[in-house]
*Asks:* 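Sharing a structure with you now.
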Amino acid sequence: MTKEFDLATLLAERGAERYELHARHLNHQLPRMLHTIGFDKVYERAEGAHFWDADGNDYLDMLAGFAVMGLGRHHPVVRKALHDVLDASLPDLTRFDCAPLPGLLAEKLLSYSPHLDRVFFGNSGTEAVETALKFARYATGRQRILYCSHAFHGLTTGSLSVNGEDGFRKGFAPLLPDTAVPLGDLDALARELKKGDVAALIVEPVQGKGVHEAPPGYLRAAQELLHRHKALLIADEVQTGLGRTGKFYAYQHDDGVEPDLVCVAKALSGGYVPVGATLGKDWIFQKVYSSMDRVQVHSASFGSNAQAMAAGLAVLSVMENEEIVANAAAVGERLKSRLAELVDRYELLADVRGRGLMIGIEFGRPRSLKLRSRWTMLQTARKGLFAQMVVVPLLQRHRILTQVSGDHLEVIKLIPPLIIDTGDADRFVDAFTEVMEDAHKGGGLVWDFGKTLVKQAVANR
């Protein structure tokens with residue numbers, strides 16, 4: 001007799017097999033990596049910016065699912081919106097009607113960037129980028145896309161073409177016509193534009209990899225150069241948008257910047273239903289959808305579904321009602337300033353940078369001989385190991401989840417839920433200070449774990 005499906009029973013019976021199931025049926029390297037770095041925890045529940053394990057221990061989330069959980073987990077307003085939309089039994093995704101929720105969410109999103117006119121809804125950040133690349137190439141009649149060195153825009157083929165990390169690109173060629181230019185280098189941008197075949201420059205106002213911010217004035221100057229050469233500016237706000245940097249969009253920190261296309265996703269989902277959006281100027285959409293024959297020339301099977309649209313509307317409502325952007329700016333400034341005070345105290349700490357609640361903590365070569373020899377050993381084995389050594393005791397000893405900002409980088413990136421408070425910020429700084437003290441004394445969990453990582457790095461060569 002077939003049993004009726006019961007999710008709670010299934011999880012109770014099979015939940016303990018989670019790591020074995022992944023090793024057997026999914027990406028087998030994920031559980032291996034988690035076991036190696038000691039991240040193979042079992043979290044039982046979550047709310048806001050915190051997790052709890054089976055013993056009731058509280059963990060502070062400073063990763064937010066790589067910025068997906070902008071409002072933290074299980075925000076009651078978003079939960080209610082999803083219950084409501086499911087209970088409404090809407091005739092969703094008929095494909096031959098104009099449902100109200102997509103129009104309402106588009107209207108609301110566009111109110112934060114009044115120079116833009118239309119929205120395409122997909123399902124993820126990489127889809128939002130793919131849409132922008134396609135639209136830019138079609139609207140301009142040109143093929144080549146410029147991107148910035150060290151950029152990350154997604155991992156599908158089009159967005160991979162504008163990915164600045166060779167490790168992601170290796171083995172997947174040929175990709176789209178593209179050229180990398182250094183972030184902030186206007187001369188390099190001008191040289192490429194003079195060739196006359198550039199459709200657009202895509203740029204993260206604050207790069208996720210390494211947390212590098214576009215220099216003041218760069219985006220506006222780049223925009224002017226691009227428009228002079230009839231090319232477009234695409235702002236990738238998938239990670240930086242919706243308040244992450246203390247403004248609704250990160251490009252708004254630079255006066256006069258009005259991108260032709262803007263990509264958003266992640267936090268717009270409320271952490272529940274995948275959603276991505278590409279906002280653009282009317283003339284671009286008019287060119288792409290130039291006739292009724294082209295009405296489906298670009299679409300997404302699950303784009304504009306009612307659950308995603310309801311989640312997005314609820315997220316934007318919460319952001320306004322709870323002043324989420326202001327909180328990100330204020331708590332982010334406290335977190336950054338307290339961390340910056342530690343740079344002069346600890347020689348292994350090189351820099352603290354970023355905006356709002358997107359902060360990079362960079363480590364560097366120490367001055368003292370004893371620490372320098374250990375640092376050199378790690379760098380010889382594999383660059384980026386020290387940052388990983390700091391991440392581990394933050395989780396194991398202080399129950400704080402965070403991660404490095406990219407492979408082979410000595411940078412930890414803090415991208416917590418935008419709802420964290422000053423108590424959460426202080427908890428992180430106090431824990432980080434203790435880890436730094438431990439590291440500078442040359443003992444304890446930091447360096448002990450470093451030995452494990454060195455062995456693993458050597459074994460993987």
Side-chain angles (χ1 to χ4, degrees), residues 67 70 106 109-122 124-137 139-140 145-154 158-159 161-164 178 180-181 183-186 189 193 198-209 211-227 231-268 276-285 325 354-356 358:
L109 264 180
L110 290 167
S111 71
Y112 295 99
S113 48
H115 72 285
L116 299 175
D117 308 293
R118 296 185 183 275
V119 181
F120 174 85
F121 287 115
S124 65
T126 195
E127 281 190 41
V129 168
E130 294 278 357
T131 299
L133 299 182
K134 283 181 68 176
F135 282 26
R137 294 174 79 197
T140 62
I145 304 290
L146 303 181
Y147 64 96
C148 294
S149 304
H150 309 298
F152 185 94
H153 298 291
S159 57
S161 302
V162 290
N163 194 311
D178 60 73
V181 294
L183 180 67
D185 191 335
L186 291 168
L189 176 60
L193 288 171
V198 172
L201 167 70
I202 183 168
V203 59
E204 302 156 276
V206 182
Q207 290 187 329
K209 185 178 173 64
V211 194
H212 294 288
E213 186 178 356
Y218 170 73
L219 291 177
R220 182 169 183 174
Q223 174 180 277
E224 292 172 356
L225 268 174
L226 288 158
H227 289 174
L232 307 181
L233 175 62
I234 304 171
D236 181 346
E237 296 271 2
V238 169
Q239 186 167 125
T240 55
L242 276 73
R244 171 60 56 188
T245 67
K247 296 266 190 188
F248 191 85
Y249 291 121
Y251 73 77
Q252 293 170 337
H253 289 286
D254 207 347
D255 290 340
V257 179
E258 295 186 348
D260 301 286
L261 293 157
V262 175
C263 305
V264 298
K266 289 188 180 285
L268 186 62
T278 306
L279 291 68
K281 293 183 176 178
D282 179 69
W283 73 268
I284 298 172
F285 276 68
V325 180
R355 282 188 181 271
M358 186 172 180

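Start at 1 with the first residue, then count along the sequence.
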*Asks:* OH/Y147 to CG/L183 distance, rounded to the nearest 0.5 angstrom?
*Replies:* 13.5 Å
*Asks:* Walk me through it: do T245 and T240 pass the test side-chain hydrogen bond (donor to acceptor under 3.5 Å, both in side chains)?
*Replies:* CA-CA 6 Å; T245 67; T240 55; over 6 Å; no
*Asks:* Answer yes or no: is there a side-chain heavy-atom contact under 4.5 Å between Y251 and S113?
*Replies:* yes
*Asks:* Just wondering, are more than 12 heavy atoms of other shown residues or ligands nearer than 6.0 Å to NE2 in H253?
*Replies:* yes
*Asks:* Check D254 against G217 and note the closest heavy-atom contact, atom names and distance.
*Replies:* OD2-N, 3.2 Å
*Asks:* Minimum heavy-atom separation for G280 to L261, with atom names?
*Replies:* CA-CD2, 3.7 Å
*Asks:* Go through the steps to decide whether D282 and R118 satisfy the test salt bridge (Lys or Arg N to Asp or Glu O under 4.0 Å), and finish with yes or no.
*Replies:* CA-CA 6 Å; D282 179 69; R118 296 185 183 275; 2.6 Å; yes
*Asks:* Quick one: side chain to side chain donor-acceptor pair (under 3.5 Å) partners of S161, sequence neighbours excluded?
*Replies:* none
*Asks:* Looking only at atom types and distance, does a side-chain atom of Q223 sit under 3.5 Å from a main-chain N or O of E258, one as donor and one as acceptor?
*Replies:* yes
*Asks:* Would you say that L226 contacts D260 through its side chain, given a criterion of any heavy-atom pair below 4.5 Å between the two side chains?
*Replies:* no
*Asks:* Any non-hydrogen side-chain atom of D236 less than 4.5 Å from a side-chain atom of V162?
*Replies:* no
*Asks:* Report the distance from atom CD of Q207 to atom CE of M358, rounding to the nearest 0.5 Å.
*Replies:* 9.0 Å
*Asks:* Which residues satisfy the salt bridge (charged side-chain N to carboxylate O under 4.0 Å, His left out) test with E213, sequence neighbours excluded?
*Replies:* R355
*Asks:* Closest approach of I234 and A136, non-hydrogen atoms and distance?
*Replies:* CD1-CB, 4.1 Å
*Asks:* Using the side chain to side chain contact (heavy atoms under 4.5 Å, CB included) definition, which of the options T278, L110, L116 pairs with V262?
*Replies:* L116
*Asks:* Using a 4.5 Å cut-off on heavy atoms from C-beta on, say whether the side chain of E127 contacts that of S159.
*Replies:* no
*Asks:* Can you find a pair of side-chain heavy atoms, one from Y112 and one from V325, that are under 4.5 Å apart?
*Replies:* no
*Asks:* Are L225 and L201 close enough that some pair of their side-chain heavy atoms sits under 4.5 Å apart?
*Replies:* no
*Asks:* Is it the case that more than 12 heavy atoms not belonging to K247 sit under 6.0 Å from its NZ atom?
*Replies:* no
*Asks:* Report yes if the side chains of N163 and F152 come closer than 4.5 Å at any heavy-atom pair, otherwise no.
*Replies:* yes
*Asks:* Identify the heavy atoms of A231 and A200 that sit nearest to each other, and give their distance.
*Replies:* CB-N, 4.4 Å
*Asks:* Does some side-chain heavy atom of E237 sit less than 4.5 Å from a side-chain heavy atom of R244?
*Replies:* no
